[in-house]
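Structure record follows, encoded as structure tokens.
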Amino acid sequence: MISYGEKIPNNVNLGDDRALQRALEQWQPNYLRWWSEMGPAGSQSFDVYLRTAISVHPQGWAHFGFVKMPEYRWGIFLNPGEPNRTIHFGDHRGDPVWQDVPGEHRANLRRIIVTQGDTEPASVEQQRHLGLTAPSQYDLRNLFQVNVEEGRHLWAMVYLLHKYFGRDGREEGEALLERRSGQQDNPRILQAFNEPTPDWLSFFMFTYFTDRDGKFQLCALAESSFDPLARTTRFMLTEEAHHMFVGESGVRRVIERTSQVMNELKTDDPARLRAAGVIDLPTIQRYLNFHCSVTLDLFGAEESSNAAIFYSTGLKGRFGETKRKDDHVLKSQTYGVLQSVDGQLVERPVPMLNALNEVLRDDFIRDSIAGVGRWNRVLERAGIGFRLQAPHKAFHRNIGALAGLTVSPDGRLVGQAEWKARVGEWLPTDSDRAFVASLMGRVVEPAKFASWIAPPVLGINQQPTHFQYVRFD
Ligand SMILES: [Fe+2]
Ligand SMILES: [Fe+2]
């Protein structure tokens, strides 16, 4: 159990390390200042039915209760260490894992932790106005849950920086509170975290796709030879599952509601559906195309010598590394990456170690497509012929060998002229965004839902869907 008597709840014996505890206690007010400036707008005094991590036991790790968000107990929790854990991939395979940072890997590990840490507050910033237009109390509560847990993920990374990286780490901890999503002169590190999340359809797509990028990155770091990083990311994954649930079920409920109205009105005409207050399927597809492609860029360039170094030195494994049946060294394998040659997209084998970003991206794509299939079952059951699709990997990319190519969502290289003529069918247009924005009103009466979204099947923590999840002042 975690002691809640302490200023900073933790299961890492923080009280035994006075210097570290003092450093974190100095960071804490800065964090709270950041939260009050950049956290959920206009909702700091609400009592919200939130889950708080209180232990790392798979059963009963969380407690549910009403909390004001600024009083949320952000804490530091690591999964228990496995005794005698050894490094299971890369050049140090078979050696004991590291409980401290080896000097030669210090710069790379710091960079990995800072890059992961930066995404956490970034998404809170991106989502800070959404509470003003929640489609229901249930959804409002879920948004706040995601936000406070992203805050805790920042704590998790800052703990590692403070404990293992000394003064450099403390400076990075401050910088994590200073960068701002979308700000010109001091933006967040990764581009998808500088895009606005202006409406709830964007939020659901973001939590479906971009939080899933988080899952894959965390799974790769959960394999790390730096044991404290592996243990902290394992616990973060416990919380991450709910974020992706919010995305997947959110989009599914939008599709359900649209299908219902399509059947009632017997039409697939976007204009008539929009007039009836629901989001037409082609618009949902365009949002999907945007969020999927922007998220694919987060995995980085197809060929990367950094990815090779991170793997060989044992800093970052593959998704499901331990379950894979190969040599876990990867020096003699190749992997196919796409590039454009003479107007064609062709696959070219490259050394597998250099292609590990692409390997992770492909794992992510498989997982994402499975959920799109589940969304399509809603359409099937409703007797609607339209099917949503994940866009081709080369569509709308801005990083790596595919950057800047004009490729249709079904994977054809098209000329500039066709791209210009058809981009409005493929990516959300200004008028799509304006329409979706026009639907965003604030629905806060228990049991009520906005016109464009179906109620969930179940409430949170076995509460009814009409439960009062947020008590307003
Ligand atoms: Fe997170
Ligand atoms: Fe998340």
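One-based numbering, in listed order, for ligands and for the atoms of each. The residues of the chain are indexed from 1 along the displayed sequence.
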What's the spacing between Q127 CD and F203 CZ if we round to 0.5 Å?
5.0 Å
Please work out which of the three classes, parallel, tilted or perpendicular, describes the rings of Y138 and F449, given edges at 30° and 60°.
tilted
Is the closest side-chain heavy-atom distance between Q99 and F226 below 4.5 Å?
no
What's the shortest heavy-atom distance between R442 and L132, and which atoms?
CD-O, 3.2 Å
In Å and rounded to the nearest 0.5 Å, what is the CD to CD distance from E71 to Q44?
10.5 Å
Polar protein atoms (N, O or S) that approach the Fe ion (ligand 2) to under 2.8 Å
E150 OE2, D211 OD2, E240 OE2, H243 ND1
In this structure, CZ of F364 is separated from CD of E358 (nearest 0.5 Å) by 12.5 Å
